[in-house]
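Chain identifiers are assigned alphabetically (A, B, ...) following the order of the sequence lines, protein sequences preceding nucleic acid strands; residue numbering begins at 1 within each chain. In what follows, every heavy atom counts, from backbone to side chain, and hydrogens, waters and symmetry copies are set aside.
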Amino acid sequence: MCLSIPSKVVKIDPELNIATVDTMGVQRTAGLDLMEEGSVKIGDYVLLHIGFIMNKIDEEDALESLRVYQEILEKLDEEERRVLVLEDDNCVNREAP
Amino acid sequence: MSSLELKDLYDGFRDPDVIKGYQKLIAAEAKKLDRNVNIMEVCGGHTHTIMKYGLTQLLPENINFIHGPGCPVCIMPKERVDHAYVLAMQPDVILLTLGDMIKVPGSHGSLQDARAKGADVRYVYSPMDALKIAEENSDKKIVFFAIGFETTTPMTAALLDVVIKRGINNIFFHINHVTVPEVMKELIDSRDEHVNSYDHRIDAFIGPSHVSVISGSKIYELFSIEYHIPVVVAGFEPVDVMEAIYMMMKQFNEGRSDLEIQYKRLVTPEGNLKAQALIEHYFEKVSLFKWRGMGNVPNSGLKLRDEFAAYDAEVLFENILPYDEIDDHKLCICGDILRGFAKPQECSVFGTACKPSSPLGSCMVSSEGACAAYYKYGNLI
Ligand code: SF4
Ligand code: SF4
């Protein structure tokens, strides 16, 4: 299932070329290998797919979809939310919000 | 995920007023058009949206959907699943893959069945998970069974890039990446054989936005320019699909066949150039790739370039991999469904011998195949 929730970049490790992102309160790491060096900064909103950042999202769009997702996620308990977020960027077929 | 249904999640997510708004606009355009149009949604994600929200019901009768080949999991032919199975059964191999791939039946069974027989098959969230597994199992060969359209290809390339840079010698790749424009082309070109059965079989394409996030919308130029078929690259929400259909209807009425992007939030004509460069560096086209249900499609698959043969599981395990052709089930009409000649209900075993729990053909294999979607949301049609 693919809701494609935007994630916010909270940390960047240039050595490993990995970013730590926050997706609705769930933190995880994602590879920066598909992004030009220096193009992703802390605070940027990004789209994840199978463990990689595949593109940046316009802040306004990201905030709008996050508002909608927030409403959805409020109905879930923590475990469900974690499963959902992890499943979200795993679909091999689609990933755009 | 407990009692929570997908539907509950999406309920607050679509805006019924916007959808109804588009419904009116589309109806007005459809009235001006004095013919039927067949719109193909290439991707399973769109099929899912259309069936789930019953969008067909919202649309005028002269708009008909054709459900395309759509999901990298469903289109995997038995031959390739058998490769994965044979590799997984090797005692010194750990086989890694993504998505629903583990459930797709081959001729000996699925990867799930292999696992039940003791094979080490693992499902990873990201190709990069292979690095850790390889490190912890230095005595094993880690084979990444790579699947997916343009969207996932650069991730496989990125893993190989790291493997080479770090000098890791126990990760290998079984490549099953396929490309979308080539299969779309095949769907149109194959029209000639059946020219009497359906006039103007595909009048427009809804292009998958995810593919274009990587490849850009430019990969569909051929269809608007050479084939004069409109293409609208669209997102996956019901509102996105409705807007895309409206854009198409306007094109029909204005006599245009343009390539347009509905999903401007993330798709550009050029796409992600870094990702494209990675793909170009590591992969080249294969002359034929067999799609489950569709048969051989020219230039639609990728392989590792020869210079990277040392990482190619198909080269390393050449002696044990089976290369016999396997026919699709003879009652299965997936090929016709994908080409737009038939609907799932017309298949004689739909919902009886063929169900999501015991799929015979590609269209029933994954939850987003056309037959599976009709089975699940059939009450909506
Ligand atoms: S079946 Fe659905 S979730 Fe799985 S790969 Fe296909 S589209 Fe993605
Ligand atoms: S119902 Fe099953 S056998 Fe029939 S076309 Fe669909 S997948 Fe093939």
Are any of the side-chain heavy atoms of B:Pro127 and A:Phe52 separated by less than 4.5 Å? yes
Between A:Leu34 and B:Ala158 the two heavy atoms that sit nearest each other are CD2-CB, 4.4 Å
**Request:** Give a yes or no on this: more than 12 heavy atoms of other residues, nucleotides or ligands lie within 6.0 Å of atom NZ of A:Lys11.
**Result:** no
For B:His210 and A:Met54 the tightest heavy-atom approach is O-CE, 4.1 Å
Give a yes or no on whether A:Gln27 atom CD has more than 12 heavy-atom contacts from other residues, nucleotides or ligands under 6.0 Å away.
yes
The interface call for B:Val267 against chain A, heavy-atom contacts under 4.5 Å, is neither
d(A:Ile57 CD1, B:Leu266 CG) to nearest 0.5 Å is 5.5 Å
Margin query: So B:Val213 and A:His49, do their side chains get closer than 4.5 Å, heavy atoms only?
Written below: no
Checklist entry - Heavy atoms, side chains only, cut-off 4.5 Å: are A:Asp33 and B:Met128 in contact? => result yes
Does atom NZ of B:Lys274 have more than 12 heavy-atom neighbours, drawn from other residues, nucleotides or ligands, at distances under 6.0 Å? yes
